[in-house]
Asks: 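The following block contains the structure, expressed as structure tokens.
Index from 1, following the sequence.
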Amino acid sequence: MSSSCRYSFKNLFQNSICLLTPGDGFGDFEEGFMVEWGKQLVIGTNYLTDPMGNVMNFEFEDDLISKGIFRVPYVFEDFYELEDLHYICTLFCGDRYFRIRIFDTNWTEIEYPGLGNSYIAEEDLVWSRFLSSFRVKLGPTESMICLDAYFHLFWEKKLIYGEEMQFIDPCYKTFKFKFDVKPNGTTIFRGGIGKMFKYYNLKDEVYLHLNYVSKNVFLYRLFSIEGMEIDYNINGASCSGSANVGSDLADCGADYSLVKCLTDYDVGASSLYLNASFDGSALSRSKKKYILSNGNGNSWECSIRWAARSKSECYLGFGWKRFVSENNLCVGDSIKVDVQKDDDKTIIITKV
């Protein structure tokens with residue numbers, strides 16, 4: 001893929017869809033949305049704005065939102081005159097703010113209360129970002145990926161039929177799929193699943209998070225069933241999209257050391273995957289917290305998350321994002337990760 005074609009992986013799966021039953025009083029966020037954004041949701045009053053600018057206040061409660069559930073105020077159904085089942089589609093904009101669109105079960109959008117009409121122009125980028133995120137459970141023997149009919153309904157004018165669909169990961173590894181649309185509107189993708197599992201050395205089922213971005217391009221991320229994101233640097237995948245960089249390299253000159261090239265995901269996410277061979281020798285599974293040091297006397301507390309699938313795979317967790325920000329780390333930077341034998345509580349991270 002050309003290095004001039006760059007995509008952001010920081011805002012994937014901001015969409016969620018729930019089916020609202022009149023009188024039920026509750027809605028829920030999709031699992032994929034909660035995996036990506038659940039920790040960013042704010043307890044208390046949140047503000048949902050429709051295409052006409054009407055704002056509805058929703059109260060997020062700690063015991064409910066932790067399960068992906070939110071309470072729907074009774075005035076919501078009255079205001080929009082929702083007497084039957086409707087799809088409530090949300091787009092998370094950060095902090096306490098959401099955009100919403102409402103559809104009946106035939107995917108016809110309602111008329112929103114207010115002056116004028118609520119027609120959404122095709123070029124309106126804010127509102128066109130809806131209905132673009134999908135979560136699919138995949139196994140190594142699957143032969144196809146299926147997307148609900150609303151994908152074709154809303155995006156058919158953008159698709160180029162007869163050409164393959166590109167699926168692109170955070171390291172810009174690309175897999176191509178042939179696709180067609182069934183009479184019921186379901187879109188079927190075939191051809192790249194086996195290659196994808198082989199490339200990442202995946203043996204078990206995973207969740208595929210897809211985000212449609214333009215024409216025949218999806219961005220994707222892969223998660224284990226336990227919710228742990230995979231390492232995309234495996235098999236020499238490129239960190240920058242333009243160079244062939246090896247996966248994490250051991251440095252024999254230090255007590256325990258590795259060199260890692262930072263990807264879009266590494267810099268933008270709240271966790272950093274560390275090579276299993278390094279983890280097994282340098283870090284203790286009994287420790288849940290470490291100190292990150294930049295080698296200049298500054299330090300940051302950091303948590304460690306160990307993968308359930310392996311005794312030697314882990315991620316730097318809470319504290320990593322702040323370390324990135326305060327040390328001005330960027331995509332493509334190579335960092336050296338050191339743990340000294342005489343100080344097994346500190347992880348030293350420096351640019352190389």
Asks: Main chain of Y47, side chain of N57: is a donor-acceptor contact present, judged purely on distance under 3.5 Å?
Replies: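 Side chain of N57 to backbone of Y47: no pair is present.
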Asks: Determine the sole option in H86, E83, E77 for which the side-chain contact (heavy atoms from CB on, under 4.5 Å) test with P22 is passed.
Replies: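 Exactly one option meets the side-chain contact (heavy atoms from CB on, under 4.5 Å) with P22, and it is E77.
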Asks: Is the centre of the F134 ring less than 6.0 Å from the centre of the Y220 ring?
Replies: no
Asks: Less than 4.0 angstrom from a charged side-chain N to a carboxylate O is my criterion; do D50 and R99 meet it?
Replies: no
Asks: Salt-bridged, E205 to K137, with N to O below 4.0 Å?
Replies: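 Looking at K137 together with E205, the answer is yes, because their closest N to O distance falls below 4.0 Å.
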Asks: Give a yes or no answer on whether the side chain of N298 reaches the backbone of N294 with a donor-acceptor pair at less than 3.5 Å.
Replies: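 Answer holds: no.
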Asks: Tell me whether the rings of F13 and H209 are parallel (<30°), tilted (30 to 60°) or perpendicular (>60°).
Replies: tilted
Asks: Evaluate D180 against R190 for salt bridge (Lys or Arg N to Asp or Glu O under 4.0 Å), listing each step before the verdict.
Replies: CA-CA 9 Å; D180 61 84; R190 294 184 176 90; 3.0 Å; yes
Asks: L82 and side-chain contact (heavy atoms from CB on, under 4.5 Å): which partner among V72, I102, D104?
Replies: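 The residue from V72, I102, D104 that satisfies side-chain contact (heavy atoms from CB on, under 4.5 Å) with L82 turns out to be I102.
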Asks: Is it the case that the side chain of Y232 and the backbone of Y172 share a donor-acceptor pair, with hydrogens and angles ignored and the cut-off at 3.5 Å?
Replies: no
Asks: Kindly determine whether E163 and K215 satisfy salt bridge (Lys or Arg N to Asp or Glu O under 4.0 Å), including the steps that lead there.
Replies: CA-CA 10 Å; E163 293 188 10; K215 294 184 179 178; over 6 Å; no
Asks: So, applying ring-ring contact (aromatic ring centres under 6.0 Å, His included) with F29, which one of F58, F70, F92, W37 is it?
Replies: F70
Asks: Does this structure show an ion pair linking R135 with E30, if we count only N-O contacts that are shorter than 4.0 Å?
Replies: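 No, no charged N to carboxylate O under 4.0 Å.
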Asks: Relative to each other, are the rings of F98 and F33 parallel, tilted or perpendicular (30° and 60° limits)?
Replies: tilted
Asks: Is the shortest distance from a Lys or Arg side-chain nitrogen in E59 or R71 to a carboxylate oxygen in the other one below 4.0 Å?
Replies: no
Asks: Check step by step if ring-ring contact (aromatic ring centres under 6.0 Å, His included) holds for F179 and F218.
Replies: CA-CA 13 Å; F179 70 97; F218 274 97; 9.0 Å; no
